[in-house]
Amino acid sequence: MRQVKLIPVLLLCVAVLFSGCGASKTVKGAGIGVGAGGAVGAGIGALAGNTALGAVLGAAVGGTAGALIGKKMDKQKKELEQTVPDATIESVNNGEALKVTFDSGILFATNSSTLSDASKSALRNFAASLKQNPDTDIRIIGYTDNTGNVDYNQTLSEKRARSVYDYLMMQGVSADRMSYSGRGIHDPVASNDTAEGRALNRRVEIVILANDKMIQEAKQGTLR
């Protein structure tokens, strides 16, 4: 199991933000991130103020292979913009990864880890895109604002991330390519001193990364 983190919308990260009061849990799977891995990834995270997500992303593959991965990710980005219009989809890590962000509160009611009907519709469309693009790894990370008990928020973030993970799996997305983790109040993307900032910090991020198969095909020049 692994753990993942979040970073601001304009930073080097790839994910899908979902939310209410936070969300995510212990991730599963072995290697996470593209390219050179931990140390370089941590450097990316440090620049963004989020070392954990940087480690998840790892270093960009770069070169011709990175350009091929970026082209593939850009195609999925355009698909998601059509099928999940309420979300903001961003290219990150030099275009080699995606971050999809939903307005806070779309997934869950206050203090709940039960998915709303509206969120299920959005996640069904998201799952359909993931199944059409099988050569990616998915990291689901939950966050909360700093209101209330720290331990409670940690547990809530884990339960919410797990709810997203379970629902995507129910929609046919392979568990082998997904992981989830909860970060609770940690790694805010905005100030918790305002209602607007707290709303931004209550989120679930889903990071979409090239898996080993895609990376190898890109390096061999056979990725289409």
Side-chain angles (χ1 to χ4, degrees), residues 2 4 6-7 9-18 27-38 40-41 43-45 48 53-102 121-141 164-165 167-180 204-224:
R2 240 172 307 184
V4 186
L6 119 89
I7 78 182
V9 174
L10 297 178
L11 298 177
L12 297 173
C13 87
V14 189
V16 182
L17 261 117
F18 289 96
V27 269
K28 41 177 276 219
I32 65 182
V34 282
V40 176
I44 294 172
L53 186 57
V56 169
L57 289 174
V61 174
T64 302
L68 290 174
I69 292 172
K71 183 178 180 181
K72 189 80 170 179
M73 288 293 184
D74 188 58
K75 180 175 181 290
Q76 185 175 7
K77 178 176 181 287
K78 291 176 180 176
E79 291 172 359
L80 287 169
E81 288 171 341
Q82 293 296 315
T83 59
V84 193
D86 293 334
T88 299
I89 298 93
E90 300 170 82
S91 298
V92 293
N93 214 25
N94 292 339
E96 295 178 16
L98 295 177
K99 180 171 87 172
V100 183
T101 303
F102 284 78
S121 176
L123 288 174
R124 280 195 296 271
N125 290 336
F126 183 64
S129 175
L130 294 180
K131 289 188 290 184
Q132 290 171 6
N133 297 274
D135 295 333
T136 55
D137 290 333
I138 313 302
R139 307 286 179 252
I140 305 166
I141 313 113
V164 173
Y165 170 92
Y167 193 77
L168 291 176
M169 189 166 58
M170 286 173 55
Q171 299 306 306
V173 181
S174 172
D176 291 338
R177 61 188 291 208
M178 295 193 293
S179 65
Y180 64 92
V204 176
E205 294 183 344
I206 301 176
V207 182
I208 304 175
L209 299 162
N211 67 6
D212 290 340
K213 179 175 180 290
M214 183 187 290
I215 293 171
Q216 289 305 311
E217 289 182 354
K219 289 180 176 179
Q220 295 165 3
T222 59
L223 180 64
R224 296 293 181 265

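This structure is a prediction, so every number in the text was calculated from the model and none was measured.
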I138 vs I208, side chain to side chain contact (heavy atoms under 4.5 Å, CB included): CA-CA, chis, key distance, verdict: CA-CA 5 Å; I138 313 302; I208 304 175; 4.2 Å; yes

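For the pair V207 and N93, the minimum side-chain heavy-atom distance is 4.5 Å or more. Using a 4.5 Å cut-off on side-chain heavy atoms (C-beta onward), Q76 and S129 make contact.
The shortest non-hydrogen separation linking M214 to D135 is CE-O, 3.2 Å. Residue Y165 comes nearest to A175 through the heavy atom pair OH-CB, 3.4 Å, listed as atom of the first residue, atom of the second, then distance. For the residue pair K77 and S91, the shortest heavy atom distance occurs at CD-OG, 3.2 Å. Among all heavy-atom pairs drawn from M73 and G95, the shortest one is CB-O, 3.6 Å.
Residue pairs meeting the salt bridge (charged side-chain N to carboxylate O under 4.0 Å, His left out) criterion with at least one partner in residues 65-74, sequence neighbours excluded, are D74-K78.
Considering only residues two or more places apart in sequence or on other chains, N125 meets the side-chain hydrogen bond (donor to acceptor under 3.5 Å, both in side chains) condition with none of them. Under the rule for a side-chain hydrogen bond (donor to acceptor under 3.5 Å, both in side chains), the partners of E79 that lie at least two apart in sequence or sit in another chain are K75, N133. A127 pairs by the side chain to side chain contact (heavy atoms under 4.5 Å, CB included) definition with L168, Q171, V173, not counting sequence neighbours. Partners of A218 by side chain to side chain contact (heavy atoms under 4.5 Å, CB included), not counting sequence neighbours, listed by chain and number: A65, L68, I69, L223. Under the rule for a side chain to side chain contact (heavy atoms under 4.5 Å, CB included), Q82 has no partner lying at least two apart in sequence or in another chain.
A distance of 11.0 Å separates CG of L130 from CG of D137, quoted to the nearest 0.5 Å. Here the CZ-OG1 distance, from R124 to T83, works out to 13.0 Å after rounding to the nearest 0.5 Å.
A donor-acceptor contact shorter than 3.5 Å is absent between the side chain of R177 and the backbone of N211.
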